[in-house]
Amino acid sequence: MPVAAIYDIHANLPALEAVLQDIRRANVEQVVVGGDVIPGPMPRETIECLLDLDIPVQFIQGNGDVDVLAETAGIEVSGVPEQFREAVRWSALQLRPEHEQLLANWPPTCRLEIRGLGEVLFCHATPQSDTEIFTRLTPEDRLLPIFEGLNVPMVVCGHTHMQFDRTIGKVRVVNAGSVGIPFGEPGAYWLLLGPNIEFQRTAYDLAKAAERIRATNYPQAQDFAARNILQPPSEREMLEAFSKVDVRVV
């Protein structure tokens with residue numbers, strides 16, 4: 001049975017619920033949640049939904065989860081752009097102490113042996129960082145130092161919210177895309193792994209989801225519904241934006 005990799009949910013509960021329905025239909029034996037469960041409009045509900053799963057789940061931390069944890073501890077996060085700080089602060093206020101402890105215990109990476117693929121390393125952005133940015137177009141020579149010496153045939157990542165499948169040196173690197181904040185055609189993106197790699201896009205009721213998001217107290221609810229659910233930025237637009245960012249820049 002395959003493994004599902006779901007990344008960058010960003011507390012978009014309607015998208016997550018739709019993906020989990022598809023995961024159950026696929027008879028998945030394990031789910032890897034690849035970071036950035038939060039921040040976003042429905043943080044408590046999203047965490048509880050994942051905890052209630054009747055399938056084994058392995059969590060790793062994303063930079064969004066780390067930033068919210070820092071906020072709960074009263075630590076100023078200098079790397080968070082100003083336009084996202086309000087969302088981080090609000091999400092931190094929604095967490096219960098048990099949620100904070102849970103997120104704090106998530107590791108930065110994990111490894112799983114997957115039938116047909118061998119040992120797979122899961123990380124949020126890159127194996128050494130949860131904030132490094134690269135896409136399918138980033139020149140290989142800039143990435144070779146990051147992916148050499150891992151002793152695995154395959155790495156699964158997220159962070160940039162766009163699916164891809166490329167080889168860096170001897171390592172196959174696959175981006176799972178984003179469940180909650182896709183770049184490209186609207187929907188919820190994820191991966192099925194084993195024995196093959198299958199890119200997934202789950203369609204869901206976007207209008208109803210946007211209505212649910214707008215009904216929350218999330219400070220950026222209107223913009224999240226409009227730009228993250230109903231009409232996300234195009235892949236072309238985001239590839240151009242990311243091309244101007246050095247891979248090492250947070």
Side-chain angles (χ1 to χ4, degrees), residues 3 5-10 32-37 39 60-67 77-81 83-84 107-112 114 117-193 196-201 227-228 232-250:
V3 171
I6 58 176
Y7 277 63
D8 296 287
I9 301 165
H10 284 286
V32 177
V33 179
D36 280 13
V37 172
I60 62 174
Q61 282 184 338
N63 61 299
D65 310 310
V66 171
D67 291 341
V77 185
S78 58
V80 178
Q83 66 266 35
F84 299 128
T109 65
C110 74
R111 297 183 182 222
L112 287 179
I114 299 178
L117 299 174
E119 188 176 24
V120 178
L121 171 63
F122 294 86
C123 59
H124 182 66
T126 69
Q128 65 187 22
S129 168
D130 60 15
T131 57
E132 288 179 323
I133 289 173
F134 74 102
T135 71
R136 62 180 175 85
L137 301 182
T138 304
E140 184 178 18
D141 62 338
R142 294 168 60 188
L143 299 173
L144 282 171
I146 295 172
F147 288 93
E148 61 187 5
L150 296 176
N151 297 317
V152 294
M154 182 174 167
V155 171
V156 175
C157 62
H159 188 51
T160 52
H161 299 201
M162 291 177 285
Q163 292 178 331
F164 64 70
D165 184 354
R166 61 178 292 184
T167 300
I168 300 170
K170 297 180 180 179
V171 181
R172 188 175 186 179
V173 182
V174 182
N175 192 303
S178 173
V179 170
I181 302 182
F183 298 147
E185 186 177 356
Y189 294 76
W190 55 287
L191 284 179
L192 268 179
L193 301 167
N196 304 307
I197 296 171
E198 299 179 32
F199 288 107
Q200 303 292 318
R201 174 184 163 272
R227 282 189 53 80
N228 299 146
S234 70
E235 182 186 52
R236 180 179 178 180
E237 177 184 350
M238 296 310 300
L239 284 172
E240 182 177 349
F242 285 142
S243 71
K244 302 172 184 177
V245 179
D246 188 271
V247 70
R248 296 166 296 176
V249 176
V250 298

| What's the shortest heavy-atom distance between Tyr189 and Gly184, and which atoms? | OH-C, 4.5 Å
| request: Begin from the C-alpha positions of Phe84 and Asp67 and carry the test side-chain contact (heavy atoms from CB on, under 4.5 Å) through to its verdict. | output: CA-CA 10 Å; Phe84 299 128; Asp67 291 341; over 6 Å; no
| query | How about Arg227 and Pro233: do any of their side-chain heavy atoms sit closer than 4.5 Å? | reply | yes
| message | Between Leu144 and Ile168, does the side-chain contact (heavy atoms from CB on, under 4.5 Å) criterion hold? Intermediate values first, please. | response | CA-CA 6 Å; Leu144 282 171; Ile168 300 170; 4.1 Å; yes
| Checking side-chain hydrogen bond (donor to acceptor under 3.5 Å, both in side chains) against His159, which of Asn63, Asp8, Asp36, Thr126 comes through? | Asn63
| remark: Taking every heavy atom of Ala125 against every heavy atom of Cys157, the minimum-distance pair comes out as O-CB, 3.5 Å
| query | Hey, are the side chains of Arg201 and Glu185 touching, using non-hydrogen atoms and a 4.5 Å cut-off? | reply | yes
| query | What is the distance from atom CG of Asn175 to atom NE2 of His161, rounded to the nearest 0.5 Å? | reply | 9.0 Å
| task | Kindly indicate whether the side chain of Phe122, heavy atoms from C-beta on, has any atom under 4.5 Å from the side chain of Pro107. | result | no
| task | Take Val156 and Val32, measure what side-chain contact (heavy atoms from CB on, under 4.5 Å) needs, and give me the verdict at the end. | result | CA-CA 10 Å; Val156 175; Val32 177; over 6 Å; no
| task | Check whether any side-chain heavy atom of Phe134 lies under 4.5 Å from a side-chain heavy atom of Val173, and answer yes or no. | result | yes
| request: Measure across Ala176 and Tyr7 and return the closest heavy-atom pair with its distance rounded to 0.1 Å. | output: CB-CD1, 3.6 Å
| said: Quick check: closest heavy atoms across Glu140 and Thr167, and the distance to 0.1 Å? | reply: OE2-O, 3.8 Å
| request: Rounded to the nearest 0.5 Å, what's the gap from CZ on Arg136 to CZ on Phe242? Could you check? | output: 13.0 Å
| Are Met162 and Thr135 side-chain neighbours, meaning at least one heavy-atom pair lies under 4.5 Å? | yes
| said: Is it the case that the side chain of Asp65 and the backbone of Val37 share a donor-acceptor pair, with hydrogens and angles ignored and the cut-off at 3.5 Å? | reply: yes
| field | From Leu191 atom CG to Ile6 atom CD1, the distance as rounded to the nearest 0.5 Å | value | 11.0 Å
| Phe183 versus Thr160: any side-chain heavy-atom pair under 4.5 Å? | no
| Near Asp141 CG, under 6.0 Å, is it more than 12 heavy atoms from other residues, nucleotides or ligands? | yes
| task | Can you measure from OG1 (Thr138) to CZ (Arg166) and round to the nearest 0.5 angstrom? | result | 6.0 Å
| said: Nearest 0.5 angstrom please: His124 NE2 to Thr131 OG1, how far? | reply: 9.0 Å
| message | Within this structure, what is the CE-OG distance for the pair Met238 and Ser243, rounded to the nearest 0.5 Å? | response | 10.5 Å
| Heavy-atom pair of closest approach, residues Ile146 and Glu132 | CD1-OE1, 3.8 Å
| Which atoms form the tightest heavy-atom contact between Pro186 and Pro232, and what is the distance? | CG-CD, 3.5 Å
| Taking the side chain as C-beta and beyond, is there a heavy-atom pair between Leu193 and Met154 under 4.5 Å? | yes
| query | Taking the side chain as C-beta and beyond, is there a heavy-atom pair between Pro108 and Asp130 under 4.5 Å? | reply | no
| request: Please check if atom CD in Glu237 has more than 12 non-hydrogen atoms from other residues, nucleotides or ligands closer than 6.0 Å. | output: yes
